[in-house]
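In what follows, a structure is listed as structure tokens, so that the remarks can point back to it.
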Amino acid sequence: MTVARAIEVQEATAAPEATEAADAPLDGFRIGVTSHRRSRDLIEALERRGASVLHAPALKIAPVQEDMVLIEDTRTIIAARPDICIATTAYGMRRWCEAADSFGIGEQLLEALSACRMFVRGPKARGAVRAAGLADVGISSDETTATLVDMLLAEGVRGKTVAVQLHGYTDVRQLERLRMSGATVLTVTPYRWVKPDGEDKLPRLIEAVVGGNLDVLTFTSAPAVDAMWSTAHEMGLYRSLIEALKGPVTVAAVGPVTAQPLVDAGLTPLIPDRYRMGALIRLVTEHLSLNHVRRLETTSATIELRGRCLRINGEVVDLAPAPLLLLRALLGAGGAVLSREALSDLLDLRGSVHALDMTVSRLRSSLPDGKLVETVVKRGYRLRA
């Protein structure tokens with residue numbers, strides 16, 4: 001069952017008294033998707049929950065028919081008859097076996113792997129190994145390659161040949177740990193990343209992040225993060241991109257391996273407890289619902305701000321970016337006074353009194369009662385319920 005279908009089933013069995021907001025908890029939010037493989041599942045699940053999605057695959061997987069390096073590495077592993085094999089991903093194992101079959105060496109590969117001790121990084125990789133008719137003897141407790149290497153080093157690998165199925169983002173340190181402990185390490189990468197078609201999409205996504213026109217940016221592979229960093233450097237926007245991801249735009253990763261280059265850049269991404277796409281979707285939904293929905297009940301109206309969507313008494317009201325940012329700040333202050341200086345800095349008005357007054361005036365004209373935005377003499381502005 002795909003992630004999209006699983007969520008569809010969950011929604012179909014939801015309580016009948018669920019509110020419209022519960023049915024579309026991401027209504028008003030805009031989310032960036034960088035994945036290529038299985039992107040449709042992710043996009044459909046987010047859109048079904050009400051989100052607007054901006055899709056720009058950072059990388060795509062090279063066609064297996066063109067990957068002669070994969071076949072040569074496979075032949076090397078078959079000839080070496082490894083003592084140990086590490087399987088890191090389910091998709092990688094399936095693609096490895098399929099590629100070997102397509103070149104007429106599938107049976108030889110399975111024979112070589114059945115003669116060695118198989119270790120798997122997680123339950124999904126274990127499922128793929130067993131589906132291929134192989135048996136595993138060990139699994140990582142936290143679904144990381146580092147833990148698997150810890151297990152192997154504890155039992156000793158000196159003089160042994162270890163084959164490692166990589167997953168598109170090579171953890172060089174773990175391979176080096178095996179080599180330094182006396183193992184001969186052979187690697188195979190069943191899927192390689194190449195630039196996608198429509199290369200203008202990623203720059204547009206980066207510009208949307210820098211401009212604060214996204215609420216969340218999602219990643220499902222570490223190479224996609226590296227591709228975005230590289231493109232941002234080429235555009236001269238790397239520092240601006242990092243600053244945006246530290247502030248107005250939340251970044252989310254499907255697991256710690258994907259998150260590592262984000263952490264290395266000084267970011268703190270959302271990471272689900274279970275490293276699955278469905279868990280990522282739930283975490284993003286919970287984060288936005290709990291932290292980025294603002295409501296205000298007044299005597300004249302109910303005001304709700306969800307991402308970039310303003311509703312007054314349930315009706316959508318269009319706001320330009322500057323008044324929208326001002327309203328978000330005032331709602332977030334919960335009735336406290338925000339100084340003119342703070343609001344001017346927030347709106348990047350460089351201290352212009354006239355520009356701030358114009359923004360306040362435009363916001364007031366969009367509300368059912370302009371007096372909701374109260375001027376506090378010599379102090380600033382606040383929302384009055």
Side-chain angles (χ1 to χ4, degrees), residues 19-33 43 46-56 201 204-218 244 247-250 284-285 287-335 338 340 342-350 352-375 380-385:
T19 65
E20 183 178 348
D23 291 336
L26 296 179
D27 183 32
F29 294 106
R30 194 181 193 201
I31 299 175
V33 171
I43 292 169
L46 293 172
E47 289 180 339
R48 187 174 293 109
R49 294 185 172 205
S52 170
V53 176
L54 182 58
H55 182 215
K201 292 182 179 180
R204 289 205 303 268
L205 179 61
I206 291 171
E207 290 170 350
V209 175
V210 172
N213 294 319
L214 284 183
D215 296 290
V216 176
L217 180 64
T218 63
V249 182
T250 300
V284 167
T285 301
H287 173 79
L288 291 175
S289 297
L290 291 174
N291 299 290
H292 295 275
V293 176
R294 299 284 184 264
R295 292 185 182 88
L296 178 66
E297 296 286 347
T298 75
T299 56
S300 57
T302 298
I303 300 173
E304 181 182 68
L305 184 62
R306 306 176 61 83
R308 280 152 190 77
C309 180
L310 172 64
R311 279 192 170 87
I312 298 178
N313 291 331
E315 297 295 324
V316 175
V317 175
D318 291 326
L319 271 186
L324 183 65
L325 186 57
L326 175 61
L327 177 60
R328 182 179 291 114
L330 293 171
L331 283 169
L338 295 181
R340 296 176 66 88
L343 291 173
S344 181
D345 289 343
L346 174 69
L347 298 171
D348 196 22
L349 299 178
R350 306 181 188 280
S352 171
V353 174
H354 176 69
L356 178 58
D357 289 342
M358 287 296 295
T359 302
V360 171
S361 176
R362 290 163 65 192
L363 174 58
R364 283 173 169 159
S365 66
S366 301
L367 297 175
D369 181 0
K371 294 179 181 179
L372 287 173
V373 180
E374 181 182 11
T375 300
Y381 298 95
R382 69 181 178 187
L383 285 182
R384 179 176 57 188

As an exercise, state the distance from [atom1] of [X] to [atom2] of [Y], rounded to the nearest 0.5 Å.
X: L46; Y: R48; atom1: CG; atom2: CZ; value: 10.0 Å
X: I303; Y: R311; atom1: CD1; atom2: CZ; value: 14.0 Å
X: L310; Y: L324; atom1: CG; atom2: CG; value: 7.0 Å
X: N213; Y: R30; atom1: CG; atom2: CZ; value: 6.0 Å
X: L214; Y: E207; atom1: CG; atom2: CD; value: 11.5 Å
X: L383; Y: L367; atom1: CG; atom2: CG; value: 8.0 Å

[Y] backbone acceptor or donor facing [X] side chain under 3.5 Å:
X: T302; Y: E297; value: no
X: R364; Y: V373; value: yes
X: T359; Y: A355; value: yes
X: D215; Y: I31; value: no
X: R294; Y: R328; value: no
X: R49; Y: L26; value: no
X: S344; Y: R340; value: no

Please give me the minimum heavy-atom distance between [X] and [Y], naming the atom from each residue.
X: P323; Y: R362; result: CG-CB, 4.0 Å
X: A329; Y: L343; result: CB-CD2, 4.3 Å
X: L347; Y: A322; result: CD2-O, 3.6 Å
X: S289; Y: P25; result: OG-O, 3.7 Å
X: A24; Y: G50; result: CB-CA, 4.2 Å
X: L217; Y: V249; result: N-CG1, 4.2 Å

In sequence, state the C-alpha distance, the side-chain angles, and the governing distance for V284 and T250, and then conclude on side-chain contact (heavy atoms from CB on, under 4.5 Å). CA-CA 9 Å; V284 167; T250 300; over 6 Å; no
Does the side chain of [X] reach to within under 4.5 Å of the side chain of [Y], using non-hydrogen atoms?
X: E304; Y: V293; result: yes
X: L330; Y: L363; result: yes
X: R384; Y: L372; result: no
X: L338; Y: L326; result: no

Hey, can you tell me if H292 and H287 have their rings parallel, tilted or perpendicular (30° and 60° cut-offs)?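 Ring orientation of H292 relative to H287: tilted.
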